[in-house]
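These numbers come from the heavy atoms of this one structure, side chains and all, not from hydrogens, waters or symmetry mates. Every number for a ligand or one of its atoms is a count from 1 in the order of the listing.
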Amino acid sequence: MTLQAAQKPTDSSKALYGGKGTRRITVHDITAAKERGEKWPMLTAYDAMIASVFDEAGIPVMLVGDSMGNTHLGYETTVPVTMDEMTLLSAAVVRGTSRALVVGDLPFGSYQEGPVQALRNATRLVKEAGVGAVKLEGGERSLPQTELIVESGIPVMSHLGLTPQSVNTMGYRVQGRGDEAAHRLLRDAKAAQDAGAFAVVLELVPAELAAEVTRSLHIPTIGIGAGPDTDAQVLVWTDMAGLTGGKVPRFTKQYADLRRTLGDAAKAFADDVVGGAFPQEEHTFH
Ligand SMILES: Nc1nc(=O)c2c([nH]1)NC[C@@H]1CN(c3ccc(C(=O)N[C@@H](CCC(=O)O)C(=O)O)cc3)CN21
Ligand SMILES: CC(C)C(=O)C(=O)O
Ligand SMILES: [Mg+2]
């Protein structure tokens with residue numbers, strides 16, 4: 001941060017979270033937040049109803065993650081997710097929001113062939129779903145893709161560290177441990193920034209390394225299992241709300257117990273039906 005920026009009084013009305021703005025947030029607003037030293041939250045969303053809840057709560061950036069593959073579509077991993085699935089759910093999230101910047105994940109197989117394929121699929125998410133930006137996994141290996149998409153006018157969010165689309169080669173392990181791996185990650189982050197990415201997700205990396213990457217970049221870092229010193233934090237919404245079935249990653253904090261709440265509601269309804277307590281007169285037409 002420049003001395004001048006540091007001395008400027010903070011204008012809290014501009015804040016990404018808790019600010020007064022009602023127009024849709026842009027990638028320029030995201031960049032400005034880093035200059036103000038402001039931390040911000042991001043959540044995944046996969047449909048219009050939930051997206052509208054988070055939009056009303058003031059969540060400034062929503063990611064239509066390919067994590068929909070395991071959270072909503074019943075796949076074991078994100079690997080099978082298709083462009084058709086991403087486009088359908090991204091369009092729903094855009095329709096459910098009026099303020100949040102909506103970022104669409106490019107799914108596995110939609111950009112690995114090269115920059116032309118990547119641009120075609122990024123363009124599809126912009127034109128058919130209306131997303132404001134796309135995200136793709138990989139640093140140096142995805143540079144030609146990032147450059148062409150950004151040059152064509154679509155903002156790109158990069159995703160480094162644990163990249164779940166590579167689960168079949170890397171597994172779900174902490175990334176960037178040890179000097180060589182740490183240097184490689186720092187190099188990837190700088191390469192993504194140089195290629196024009198507006199932000200970088202750091203997934204499952206040591207906090208010390210995430211802090212160093214955050215200090216080294218002028219674009220914001222968004223951590224998930226990357227410690228407290230990234231510019232932003234992201235969680236899969238069903239994890240943080242206690243709705244995901246089975247095991248959730250240790251980096252998740254659970255802010256609600258929706259799985260229990262919804263299960264209890266379903267049982268209460270079922271008991272009323274079986275016992276004849278529902279419907280009553282007020283639910284009935286004559
Ligand atoms: N529901 C959900 N939440 C997520 O955070 C998430 C998804 N799905 N799908 C896509 C990826 C996959 N992610 C994962 C998956 C597994 C671990 C995991 O098992 N982590 C171990 C730590 C491993 C280690 O210590 O090296 C853990 O115990 O949390 C982490 C992130 C994150 N993403
Ligand atoms: C975990 C986040 C960063 C993601 O890529 C997803 O939800 O798909
Ligand atoms: Mg993803």
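Shown in contact with Lys247 at under 4.0 Å from a heavy atom are these atoms of ligand 1, numbered in order with element: 28 (O). Listed by number with element, the atoms of ligand 1 under 4.0 Å from a non-hydrogen atom of Thr71 are 1 (N). Listed by number with element, the atoms of ligand 1 under 4.0 angstrom from any heavy atom of Phe251 are 5 (O), 30 (C), 31 (C). Short contacts between ligand 2 and Asp105, defined as distances under 4.0 Å to a heavy atom of the residue, involve ligand atoms 4 (C), 5 (O), 6 (C), 8 (O). Below 4.0 Å from some heavy atom of Gly65 lie the following atoms of ligand 2, by number and element: 6 (C), 7 (O), 8 (O). In the vicinity of Ile224, heavy-atom distances shorter than 4.0 Å reach the ligand 2 atoms 1 (C). Distances below 4.0 Å separate heavy atoms of Pro249 from the following atoms of ligand 1: 5 (O), 29 (O), 30 (C), 31 (C). Listed by number with element, the atoms of ligand 1 under 4.0 Å from a non-hydrogen atom of Thr78 are 10 (C). The ligand atoms of ligand 1 that sit less than 4.0 angstrom from a heavy atom of Ser67 are 7 (C), 9 (N).
With a 4.0 Å heavy-atom cut-off, ligand 2 is reached by the side chain of Thr44 but not by its N, CA, C or O. Contacts of Ile222 with ligand 2, taken as heavy-atom pairs under 4.0 Å, are absent altogether. Residue contacts with ligand 2 for His159 involve side-chain atoms from C-beta outward but no N, CA, C or O (heavy atoms, distance under 4.0 Å). Neither the backbone nor the side chain of Val248 has a heavy atom within less than 4.0 Å of ligand 1.
Look at Leu162 and you'll find a heavy atom under 4.0 Å from some atom of ligand 1.
Of the N or O atoms in Lys135, one or more lie within a sub-3.5 Å distance of an N or O in ligand 2. Note: an N/O pair closer than 3.5 Å links Ser67 and ligand 2 by distance alone.
Residues Tyr172 and Glu203 bring no donor and acceptor atom of their side chains to less than 3.5 Å of each other. If you check the side chains of Glu76 and Asn70, you find no donor sitting under 3.5 Å from an acceptor. Between Tyr46 and Ser67, the side chains place a donor N or O and an acceptor N or O closer than 3.5 Å (distance only, hydrogens not considered). Checking Thr244 against Thr238 by side-chain atom types alone, a donor-acceptor pair falls below 3.5 Å. Between Thr163 and Arg141, the side chains place a donor N or O and an acceptor N or O closer than 3.5 Å (distance only, hydrogens not considered). Looking only at atom types and distance, the side chain of Arg120 has no donor-acceptor partner in the side chain of Ser110 under 3.5 Å away.
Put simply, Glu137 stays out of reach of the Mg ion (ligand 3), with no N, O or S atom under 2.8 Å from it.
Counting only heavy atoms of the protein, atom 33 (N) of ligand 1 lies nearest to Glu203 OE2, 3.7 Å. The protein heavy atom nearest to atom 27 (C) of ligand 1 is Arg250 N, 4.0 Å. Annotation: atom 8 (O) of ligand 2 to nearest protein heavy atom, Asp66 OD1, 2.8 Å. In terms of protein heavy atoms, atom 6 (C) of ligand 1 is closest to Val236 CG2, 4.0 Å. For atom 21 (C) of ligand 1, the closest heavy atom belonging to the protein is Tyr172 O, 4.4 Å. Among all protein heavy atoms, the one lying closest to atom 3 (N) of ligand 1 is Asp239 OD2, 2.6 Å. Taking atom 25 (O) of ligand 1 as the reference point, the nearest protein heavy-atom neighbour is Val174 CG2, 3.9 Å. Ranking the protein heavy atoms by distance from atom 11 (C) of ligand 1 puts Pro164 CG, 3.5 Å first. Looking at atom 9 (N) of ligand 1, its nearest protein heavy atom turns out to be Asn70 OD1, 3.2 Å.
Heavy-atom proximity to atom 2 (C) of ligand 2, evaluated over Val234, Leu63, Leu202, Val103, is greatest for Leu63.
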| said: Let's go through Asp229 and Thr214 carefully: what are the C-alpha distance in whole Å and the side-chain angles of both, what is the deciding distance for side-chain hydrogen bond (donor to acceptor under 3.5 Å, both in side chains) to 0.1 Å, and is it a yes or a no? | reply: CA-CA 7 Å; Asp229 295 326; Thr214 302; over 6 Å; no
Steps toward side-chain contact (heavy atoms from CB on, under 4.5 Å) verdict (Val201, Leu160): CA-CA 6 Å; Val201 169; Leu160 304 174; over 6 Å; no
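Remark: the backbone N or O of Glu85 is paired with a side-chain donor or acceptor of Thr82 at under 3.5 angstrom. With Gln233 contributing its side chain and Met42 its backbone, the two residues share no donor-acceptor pair below 3.5 Å. The backbone N or O of Val94 lies less than 3.5 Å from a partner atom in the side chain of Thr97, making a donor-acceptor pair. A donor-acceptor pair under 3.5 Å is absent between the side-chain atoms of Ser90 and the main chain of Thr87, judged by distance alone.
Restricting Asp105 to its N, O or S atoms, the one at the least distance from the Mg ion (ligand 3) is OD2. Between the Mg ion (ligand 3) and the N, O or S atoms of Asp66, the shortest distance is to OD1.
Note on ring orientation: taking the six-membered ring where Trp is involved, the planes of Phe278 and Phe269 are perpendicular (angle over 60°, cut-offs 30° and 60°).
Residue Tyr17 qualifies as open at atom OH: its count of foreign heavy atoms under 6.0 Å is 12 or below.
Between Arg36 and Asp29, no side-chain nitrogen of the basic residue sits less than 4.0 Å from a carboxylate oxygen of the acidic one, so the salt-bridge criterion is not met. Taking 4.0 Å as the cut-off between side-chain N and carboxylate O, Asp55 and Arg99 do not count as a salt-bridged pair.
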